[in-house]
Each structure stands twice: as C-alpha cells, then as structure tokens.
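Each remark here refers to the structure printed beneath this line.
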Amino acid sequence: MKYSAQAYADALVEVLSETKGDTEAIARRFAELVRRNGDTERSDSILSLAERTLARREGGRVVLLEFARAPRAETISELAKRLNEKDVIETRVAPELIAGVRITIDGGSELDLSLRGKLKRLFSSRN
C-alpha cells in the first residue's frame, strides 16, 4: 500500500475535474497506476470515495438507503425520484432493521422508518 484510498480518490477527482478529455483513457491509466502500486484490492473503496467526492463538489449528497430485505427496483427508483440528480445513492440490506427502510444523508441526517427504529422510539419514550 503506497497511498491511502482517499489520496487515490482525491487524485482521480482532481484529474477528472481538470481534464475535459477522454475519461475512458484516464480511467485506464489510473487503473494501471493502482495495479502497479499493488493496491488493486482497494479499487472498490477508491472508486466509492471518488464518487462521493465528485458528488459533493457538484452539489450532491451521499444518500444511503438501508432496507431490511432486498428492495424491488421500482422502490429504489421511486425514492431516487425524490432526490437530487447529483446525489450518489447507495443501497444496503440491513436485516437488523426487521422491516422498513432507514435513509441516511451524508452520514449525518437520518430518517428511520424501520420497525427496529419504531420499537426503539416506543420503548425509549416509556422511560
């Protein structure tokens, strides 16, 4: 590991922001650099961080949709319609939610519509 995943992501975003050229060629050269440095196992992390950084630069947010079970494609597209086009949408199955969905924006703001969240609020309000 020569560089952190964030350092790679920042470099990729910088090159993509400055260059209006062939993004496919840039991606190939960047992938080769990561391979030469022996960091290919972190490629998914690097690309995820780069995507998040680009979204924030363009005024978007990172929106995490956590479902208790695998959602239908229609469900995700309905939720996506209510978000900004510049937002990066990530989905995850979280069985611990029992039922429903939890939406987290930029790792902070949270809308918990899960059964687990409702039960938690119900029992915490009784104390």
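Every value quoted in this text rests on a predicted model; they were computed, and no experiment measured them.
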[X] to [Y] - nearest heavy-atom pair and separation:
X      : Y      : value
Ser114 : Gly117 : OG-N, 3.0 Å
Ile46  : Asp39  : CD1-O, 4.5 Å
Ala50  : Ala9   : N-CB, 3.5 Å
Ser17  : Leu54  : OG-CD2, 4.4 Å
Pro71  : Thr75  : CB-CB, 4.5 Å
Glu66  : Ala94  : OE2-CB, 4.1 Å

If two hydrophobic side chains count as joined below 4.5 Å and joins carry through other members, does [X] share a cluster with [Y]?
X      : Y      : answer
Val88  : Leu49  : no
Leu79  : Val62  : no
Val101 : Ile76  : yes
Leu122 : Leu113 : no
Ile26  : Tyr8   : yes

How long is the span from the [atom1] atom in [X] to the [atom2] atom in [Y], to the nearest 0.5 Å?
X     : Y      : atom1 : atom2 : result
Ser48 : Arg42  : OG    : CZ    : 13.0 Å
Leu97 : Arg116 : CG    : CZ    : 7.0 Å
Leu33 : Leu12  : CG    : CG    : 10.0 Å
Lys86 : Arg57  : NZ    : CZ    : 14.0 Å

Between [Y] and [X], is there a side-chain heavy-atom distance shorter than 4.5 Å?
X      : Y      : value
Val15  : Phe30  : no
Asp112 : Arg121 : yes
Arg56  : Asp106 : yes

Is a side-chain N or O of Arg69 found less than 3.5 angstrom from the main chain of Gly100, in a donor-acceptor match? no
Check the pair Leu111 / Ile105 against side chain to side chain contact (heavy atoms under 4.5 Å, CB included), numbers first and verdict last. CA-CA 9 Å; Leu111 175 60; Ile105 299 175; over 6 Å; no
For Leu83, check side-chain contact (heavy atoms from CB on, under 4.5 Å) against everything at least two apart and list the hits. Arg61, Val63, Asp87, Ile89
Classify the side-chain pair Asn37/Tyr3 by whether it contains a donor and acceptor separated by less than 3.5 Å. no
Surrounding CD of Glu96 (heavy atoms of other residues, nucleotides or ligands, distance under 6.0 Å), is the total greater than 12? yes
Pair Arg35 + Glu32, salt bridge at N-O below 4.0 Å: yes
Salt bridge flag under 4.0 Å for residues Glu90 and Arg52: yes
